[in-house]
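Step one of this worksheet: look at the structure below.
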Amino acid sequence: MRKFRDTMQSTFATFELPREAGVRQRRQKSGKGKEKAAATSSSGRKPKNLNLFTYKWHALGDYVRAIRLFGGTDGFSTQVVGDIYL
């Protein structure tokens, strides 16, 4: 994954979503959050990189074992089971 990140990071320029930029700008204007110290007039979108330190990357190695042990999730539903006439 690190090789993929290093190769693709120089190939593609990725930026925060317009929604994320809007939230960050509103937060800067209100003086809340960690951006209040660096409240420059940055109206553009910030560059974003692939973050390999999130939990989903940490847990990736456990997915195969879990699928073999419990099966895939295609047979599961979030629907509540019960008698609707009680």
Side-chain angles (χ1 to χ4, degrees):
M1 291 311 300
R2 287 187 296 267
K3 184 177 180 180
F4 172 79
R5 178 198 58 202
D6 297 341
T7 304
M8 294 297 117
Q9 189 169 334
S10 62
T11 306
F12 295 100
T14 56
F15 298 93
E16 65 186 352
L17 297 172
R19 190 184 103 232
E20 293 172 320
V23 169
R24 181 176 45 82
Q25 290 168 1
R26 286 190 297 277
R27 194 179 308 129
Q28 284 176 343
K29 286 180 184 178
S30 71
K32 295 180 182 175
K34 59 185 172 184
E35 291 89 2
K36 67 181 178 182
T40 60
S41 61
S42 171
S43 61
R45 297 182 345 188
K46 287 179 141 181
K48 299 280 276 197
N49 296 319
L50 179 61
N51 183 2
L52 296 179
F53 294 106
T54 59
Y55 180 76
K56 63 184 172 186
W57 293 107
H58 173 76
L60 188 60
D62 299 327
Y63 290 165
V64 174
R65 181 175 173 267
I67 291 171
R68 287 183 180 153
L69 187 61
F70 300 111
T73 60
D74 53 348
F76 290 94
S77 173
T78 58
Q79 182 177 2
V80 177
V81 178
D83 192 3
I84 61 172
Y85 300 106
L86 287 178

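This structure is a prediction, so every number in the text was calculated from the model and none was measured.
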Notebook entry, point to check: What closest approach, in Å, do Thr14 and Asn49 show between heavy atoms, and which atom pair accounts for it?
Noted result: OG1-N, 4.4 Å
Check: Linking I/L/V/M/F/W/Y whenever their side-chain heavy atoms sit closer than 4.5 Å, directly or via other members, would Phe12 and Phe4 fall into one cluster?
Finding: yes
Note to self: Please enumerate all residues that pass ring pair (Phe, Tyr, Trp, His ring centres under 6.0 Å) together with Tyr63, with sequence neighbours excluded.
What the structure shows: none
Check: Could you give the distance from CZ (Arg45) to CD (Gln25), rounded to the nearest 0.5 Å?
Finding: 11.0 Å
Item checked: Distance (rounded to the nearest 0.5 Å) between Leu60 CG and Leu52 CG -> 10.5 Å
Note to self: With rounding to the nearest 0.5 angstrom, report the OG1 to CZ distance, Thr7 to Arg2.
What the structure shows: 12.5 Å
Checklist line | side chain to side chain contact (heavy atoms under 4.5 Å, CB included) between Met8 and Leu50, intermediate numbers included | finding: CA-CA 9 Å; Met8 294 297 117; Leu50 179 61; over 6 Å; no
Note to self: With rounding to the nearest 0.5 angstrom, report the CZ to NZ distance, Arg24 to Lys29.
What the structure shows: 11.5 Å
